[in-house]
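Quick notes on the structure that follows.
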Amino acid sequence: MGKYLFFLIALMLSPVFAHAQHRVTTSVTEETDIFGNTVITYKDRYGRKVYEVTEKTDIFGDVVKTVRDSRGSKIYEITEETDILGDVVKTVRDSRGSKVYEIMEETDIFGNTIKTCRDGHGRMLGRVTTETDILGNTKITYEGDDIDWWEW
């Protein structure tokens, strides 16, 4: 389970990890069309495409990231939706469209945040709560033991 979550985080931060994967890929190209859709292509040292990340934003501001392998087959799809309260739901689906993970980021009226990770069946894998008091002291609480917290 931890490796899927790690892959999710790596995908979300793929532009940051481009330099860290220099041994695997030697070429990273990023193209953006007139609609703001972005395609990031990773190639190996021989110029062959290793994988491709496509990021599209719809008119509501929801983001869909799709990862495809060298043959163009979908590996994962990450949907990021924001509701009117500013809460964000990230859903990871596999190549068949089945939900693998769902991460919900909620912020209350005091600015405290709660991140909850659930598996494809809705079972809670873990929760991170960040609270800040009026003096600026921050308290971070971790719940759950099915995932490695440092990976997300």
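Sequential numbering from 1 along the given sequence is applied to the chain's residues.
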Derivation and outcome, side chain to side chain contact (heavy atoms under 4.5 Å, CB included), residues L125 and R118: CA-CA 5 Å; L125 298 175; R118 298 184 184 279; 5.8 Å; no

4.5 Å side-chain heavy-atom contact, T138 and T130: yes

Gap separating the OG1 atom of T29 from the CD atom of E52, nearest 0.5 angstrom: 8.0 Å

Side-chain heavy-atom pair T82, F60 within 4.5 angstrom cut-off: no

E77 vs V64 side-chain heavy atoms within contact, under 4.5 Å: yes

Gap separating the CD atom of E55 from the CG atom of N37, nearest 0.5 angstrom: 9.0 Å

Counterpart residues, salt bridge (Lys or Arg N to Asp or Glu O under 4.0 Å), relative to D87 (two or more places apart): none

From T38 atom OG1 to D33 atom CG, the distance as rounded to the nearest 0.5 Å: 7.5 Å

Main-chain N/O of I75 paired with D69 side-chain donor or acceptor, under 3.5 Å: no

Separation between NZ of K49 and OH of Y42, rounded to the nearest 0.5 Å: 13.0 Å

Flag side-chain contact, heavy atom, 4.5 Å: R93 against V100: no

Lys/Arg-Asp/Glu bridge criterion (N-O < 4.0 Å) met for E105, K90: yes

Contacts of K56 that satisfy salt bridge (Lys or Arg N to Asp or Glu O under 4.0 Å) - sequence neighbours left out: none

Heavy-atom neighbours of I84 CD1 exceed 12 at 6.0 Å: no

Close side-chain approach of T66 and Y76, heavy atoms under 4.5 Å: no

From S70 atom OG to K43 atom NZ, the distance as rounded to the nearest 0.5 Å: 12.5 Å

Atom pair CD/CD1 of E106 and I114 - distance to nearest 0.5 Å: 5.5 Å

V28 with V39, same ILVMFWY side-chain cluster at under 4.5 Å: no

I40 versus E30, closest heavy-atom pair with distance: CG1-CG, 3.9 Å

Residue pair T132 / N112: nearest heavy atoms and the distance that separates them: N-OD1, 3.0 Å

Derivation of the side chain to side chain contact (heavy atoms under 4.5 Å, CB included) call for T116 and M124: CA-CA 7 Å; T116 306; M124 187 178 87; 4.0 Å; yes

